[in-house]
2 protein chains.
Amino acid sequence: MLSIGTLAKRTGTKVQTVRYYEQIGLLPEPGRTEGGQRRYGDSDLDRLAFIRHARQLGFTLDAIRELLDLSDNPGRSCADVDRIAHRQLKEVEVRITRLEALRKELKRMLGECSRDTVADCRVLEVLRDHAACLTDHGQGA
Amino acid sequence: MLSIGTLAKRTGTKVQTVRYYEQIGLLPEPGRTEGGQRRYGDSDLDRLAFIRHARQLGFTLDAIRELLDLSDNPGRSCADVDRIAHRQLKEVEVRITRLEALRKELKRMLGECSRDTVADCRVLEVLRDHAACLTDHGQGA
DNA sequence: CTTGAACCTCTACCTACTGTAGCTTGTAAG
DNA sequence: CTTACAAGCTACAGTAGGTAGAGGTTCAAG
């Protein structure tokens, strides 16, 4: 049986985060010692490792909840799992596209700035006047 | 003089967001009507447009605060502005790199899944076993 | 003068955690 | 067996950057 600290260390998680996952129902309530300290088994370790890995791949906690539910029903079609992963892929691709547009605009902005006082700063000028932008960077960050 | 709703509409901001910016000191407290409603002038419009544009380029509110301060001192060197914009560019590039690694891993994961039940799902298997990953996607999301 | 859209304040909520305060438990050394 | 102290406990507050709603007031058009 593992203490919360050991579990956290083994999965690269912070202790508070483990308790947080329990609080939001992502991890089951573990057994306790007589004194009230949490004690974990191997299934908890596996589950937490799964969660952390999925988080590293950018899945939201809600998506992870779905994946864990699916994982608990081995007989079901894996189409749902596929759907969730595809959705995640799409989200990642959207974010990449958007960030690439930002990169382009920032580079252009920086490339044009040659004067030396704020009064003539091209960067500030671009920020002041959206119309000076070439790329669309409309929604969200 | 503009009402908060008009100001919001002209800058593509929500009314609550305008009040939020005022609350955190990013926008100055505007004049009020006798009845207590906010009334804005052109300088507020410019300032808010600047903020929104910088937000669209991914600058944090703290960075924007710095940029606005610099913008208010036209005689200063624009090196500081450059530094902030460069930092932002670097952050964007880091995020792109990271997301590209995620995309690669997600694609690989999805490409390998051909079985049809959750029990054999390659996606879940990869999530269960970090060692099955090729790419490093260690820190943050 | 009436109506109702738009405004007001205040508070709570979102994601995914992280940090702190003040107290208790577990464990290893002496 | 006692003591020291790391690690655990709960509860609450805070982070970024807003968003949503309740419950009440004001403005402006007709």
Side-chain angles (χ1 to χ4, degrees), chain A residues 1-27 29-40 44 48 50-68 87-88 91 95 98 102 139-141, chain B residues 1-27 29-40 44 48 50-68 87-88 91-92 95 98 102 137 139-141:
Chain A
M1 297 302 261
L2 309 167
S3 70
I4 194 169
T6 310
L7 180 76
K9 202 163 286 176
R10 292 236 190 126
T11 53
T13 316
K14 300 216 169 183
V15 166
Q16 299 104 301
T17 306
V18 177
R19 288 196 280 248
Y20 170 70
Y21 287 162
E22 178 187 329
Q23 192 190 310
I24 62 168
L26 217 53
L27 285 175
E29 287 186 29
R32 300 266 186 159
T33 61
E34 281 183 28
Q37 298 197 358
R38 292 169 178 81
R39 287 298 178 264
Y40 297 93
D44 297 305
L48 182 53
F50 182 102
I51 294 169
R52 292 313 293 174
H53 193 193
R55 281 298 295 139
Q56 283 170 358
L57 286 168
F59 288 90
T60 64
L61 292 181
D62 269 356
I64 292 169
R65 211 186 292 270
E66 281 187 82
L67 289 169
L68 285 166
R87 194 177 59 198
Q88 174 59 16
E91 269 167 35
R95 272 150 76 195
R98 178 147 174 70
L102 296 192
Q139 336 300 333
Chain B
M1 297 301 264
L2 309 167
S3 70
I4 194 169
T6 310
L7 180 76
K9 201 163 286 175
R10 292 236 190 127
T11 53
T13 316
K14 301 217 169 183
V15 167
Q16 299 104 299
T17 305
V18 178
R19 288 196 281 248
Y20 171 70
Y21 287 162
E22 178 187 329
Q23 192 190 310
I24 62 170
L26 217 52
L27 286 176
E29 287 186 28
R32 302 265 185 159
T33 62
E34 280 182 31
Q37 298 197 358
R38 291 168 179 81
R39 287 297 178 266
Y40 296 94
D44 297 305
L48 183 53
F50 182 102
I51 294 169
R52 292 313 292 173
H53 193 193
R55 282 296 296 140
Q56 284 170 357
L57 286 168
F59 288 90
T60 63
L61 293 181
D62 269 356
I64 292 169
R65 211 185 291 269
E66 281 188 82
L67 289 169
L68 284 166
R87 193 177 61 198
Q88 174 59 16
E91 270 167 33
V92 166
R95 272 151 75 194
R98 177 147 175 70
L102 296 192
H137 44 261
Q139 338 299 334

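In what follows, chains carry the letters A, B, and so on, assigned in the order in which the sequence lines appear, proteins first and then strands, with residues in each chain numbered from 1.
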Exercise for the section: Decide yes or no for B/P30 and B/E22: does some side-chain heavy atom of the first lie under 4.5 Å from some side-chain heavy atom of the second? Expected result: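 Yes, side chains in contact.
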Fill in the blank from the handout: Nearest-nucleotide check on DNA chain D, B/R52 vs B/R39; residue mapping nearer the 5' end is B/R52
Exercise for the section: Specify the residue among B/T33 and B/L61 whose closest nucleotide of DNA chain D lies further upstream toward the 5′ end. Expected result: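 The answer here is B/L61.
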Handout entry: Chi angles and distances behind the side chain to side chain contact (heavy atoms under 4.5 Å, CB included) call for B/I51, B/L68
Key = CA-CA 8 Å; B/I51 294 169; B/L68 284 166; 3.9 Å; yes
Exercise for the section: Please report the shortest heavy-atom distance between B/R87 and B/A63, naming the atom on each side. Expected result: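 Of all heavy-atom pairs spanning B/R87 and B/A63, the closest is NH2-CB, 4.1 Å.
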Find the distance between [atom1] ([X]) and [atom2] ([Y]) and round it off to the nearest 0.5 Å.
{"X": "A/R95", "Y": "B/R98", "atom1": "CZ", "atom2": "CZ", "result": "9.0 Å"}
{"X": "B/T11", "Y": "B/H53", "atom1": "OG1", "atom2": "NE2", "result": "13.0 Å"}
{"X": "B/R38", "Y": "B/R32", "atom1": "CZ", "atom2": "CZ", "result": "4.0 Å"}

Handout entry: Where chain B begins and ends its contact with DNA chain C, read 5' to 3' at 4.0 Å from heavy atoms
Key =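 The protein-touched segment is C/dC7 to C/dT9.
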Exercise for the section: Looking at every strand, decide which applies to B/R65 at a 4.0 Å heavy-atom threshold: base, sugar-phosphate, or nothing. Expected result: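 Result for B/R65 = nothing.
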Practice task
Tell me, please, the opening and closing nucleotides of DNA chain D, 5' to 3', among those with an atom under 4.0 angstrom from a non-hydrogen atom of chain A.
Solution key: D/dG8 to D/dT10
Practice task
Return the residues of residues 5-13 of chain B meeting this criterion: a heavy atom under 4.0 Å from some atom of DNA chain D. Order them by number, or give none.
Solution key: none
Handout entry: Close residues, residues 17-26 of chain A, relative to DNA chain C [heavy-atom separation under 4.0 Å]
Key = A/T17, A/Y20, A/Y21
Handout entry: Heavy atoms of other groups near A/R10 CZ, more than 12 under 6.0 Å
Key =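 Count not over threshold, so no.
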Handout entry: Pairing residues for A/T17 by the side chain to side chain contact (heavy atoms under 4.5 Å, CB included) criterion, not counting sequence neighbours
Key = A/T13, A/K14, A/Y21, A/R52
Exercise for the section: Examine distances only and state if a side-chain atom of A/Q88 and a backbone atom of A/A54 form a donor-acceptor pair shorter than 3.5 Å. Expected result: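 Checked: no pair found.
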Practice task
Give the C-alpha distance, both sets of side-chain angles, the deciding distance and a yes or no for side chain to side chain contact (heavy atoms under 4.5 Å, CB included) between A/R55 and A/L61.
Solution key: CA-CA 7 Å; A/R55 281 298 295 139; A/L61 292 181; 3.5 Å; yes
Practice task
For the pair B/Y40 and B/V18, evaluate side chain to side chain contact (heavy atoms under 4.5 Å, CB included) and give the outcome as yes or no after the intermediate values.
Solution key: CA-CA 11 Å; B/Y40 296 94; B/V18 178; 3.7 Å; yes
Problem - Partners meeting salt bridge (charged side-chain N to carboxylate O under 4.0 Å, His left out) with B/R19 (sequence neighbours left out) - result: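 Result, salt bridge (charged side-chain N to carboxylate O under 4.0 Å, His left out) vs B/R19: none returned.
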Practice task
Go through the steps to decide whether A/M1 and A/T33 satisfy the test side chain to side chain contact (heavy atoms under 4.5 Å, CB included), and finish with yes or no.
Solution key: CA-CA 10 Å; A/M1 297 302 261; A/T33 61; over 6 Å; no
